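Below is one structure; the comments refer to it alone.
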Amino acid sequence: EVQLQASGGGVVQTGGSLRLSCAASGFTFEDYVIGWFRQAPGKEREGVACINKSDGKLHYAEFVKGRFTISGDNADNTVYLQMDSLEPGDTAVYYCAAEWIVADPLIFVPSEYKHWGRGTLVTVSS
């Protein structure tokens with residue numbers, strides 16, 4: 001059974017940092033695409049950053065480039081999202097998701113991902 005567990009959310013001031021973790025189990029970690037998505041109140045879920053473990057490609061949404069870094073640790077089947085220079089607009093519930101194959105043009109489309117973990121809340125205060 002595929003399981004994803006996101007953690008690391010919290011409250012931080014503008015300009016601060018947080019590191020989110022997504023612990024994965026039940027599938028061959030190295031073969032999957034693992035993505036971080038977020039959903040703010042009243043807004044649609046949107047892609048933030050994704051890592052394709054099979055080819056090593058990293059993908060970032062424009063609004064996080066230069067501030068967020070996604071990485072993966074094969075040893076403990078965990079994907080991290082390092083978030084720096086946080087802004088109030090980054091406030092949302094953050095989710096990790098996994099899928100075996102996702103075409104690059106669809107990498108940030110939530111419906112492409114079958115497996116989702118519970119979210120972790122990130123609140124950035126001004």
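The shown structure was predicted, so the numbers you read here are calculated from the model rather than taken from an experiment.
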Checklist line | Step-by-step side-chain contact (heavy atoms from CB on, under 4.5 Å) determination, Glu46 to Phe37 | finding: CA-CA 5 Å; Glu46 60 182 359; Phe37 293 78; 6.0 Å; no
Next item on the list: Walk me through it: do Gln39 and Tyr94 pass the test side-chain contact (heavy atoms from CB on, under 4.5 Å)?
Entry: CA-CA 7 Å; Gln39 189 164 17; Tyr94 284 71; over 6 Å; no
Checklist line | Contact check, side chains of Phe68 and Gln82, non-hydrogen atoms, under 4.5 Å | finding: no
Item checked: Nearest-0.5 Å distance that lies between atom OH in Tyr32 and atom CD in Glu99 -> 6.5 Å
Note to self: Could you check whether any side-chain heavy atom of Cys50 comes within less than 4.5 Å of a side-chain heavy atom of Tyr113, counting everything from C-beta outward?
What the structure shows: yes
Margin query: If hydrophobic clusters are built by linking Ile, Leu, Val, Met, Phe, Trp and Tyr wherever their side-chain heavy atoms come under 4.5 Å apart, do Phe108 and Trp36 end up in the same one?
Written below: no
Margin query: Show the nearest heavy-atom pair for residues Ser85 and Ser17, with the distance to one decimal.
Written below: N-OG, 4.4 Å
Notebook entry, point to check: Are Leu81 and Val48 side-chain neighbours, meaning at least one heavy-atom pair lies under 4.5 Å?
Noted result: yes
Next item on the list: Please name the pair of heavy atoms, one in Gly8 and one in Leu18, separated by the smallest distance, quoted to 0.1 Å.
Entry: O-CD2, 3.9 Å
Margin query: Could you measure the distance from the CG atom of Asp84 to the OG1 atom of Thr69? Nearest 0.5 Å is fine.
Written below: 6.5 Å
Item checked: Thr120 versus Gly9, closest heavy-atom pair with distance -> OG1-N, 3.0 Å
Check: Okay, side chain of Thr14, backbone of Ser125: is any donor-acceptor separation there less than 3.5 Å?
Finding: yes
Margin query: Ignoring hydrogens, what is the shortest heavy-atom contact between Thr78 and Ser21? Give both atom names and the distance.
Written below: CG2-CB, 4.1 Å
Next item on the list: Fit a plane to each ring of His115 and Phe27, take the angle between them on a 0 to 90° scale, and name the class: parallel (under 30°), tilted (30 to 60°) or perpendicular (over 60°).
Entry: parallel
Margin query: Could you check whether any side-chain heavy atom of Leu20 comes within less than 4.5 Å of a side-chain heavy atom of Val122, counting everything from C-beta outward?
Written below: yes
Checklist line | Flag for Arg19-Tyr80: side-chain donor and acceptor within less than 3.5 Å | finding: no
Notebook entry, point to check: Is it true that Lys57 and Asp104 have a side-chain N and a carboxylate O under 4.0 angstrom from each other?
Noted result: yes
Checklist line | Same cluster (ILVMFWY, side-chain, under 4.5 Å), Leu58 and Val109 | finding: no
Notebook entry, point to check: Under 3.5 Å, is there a donor-acceptor pair linking the side chains of Ser54 and Asp31?
Noted result: no
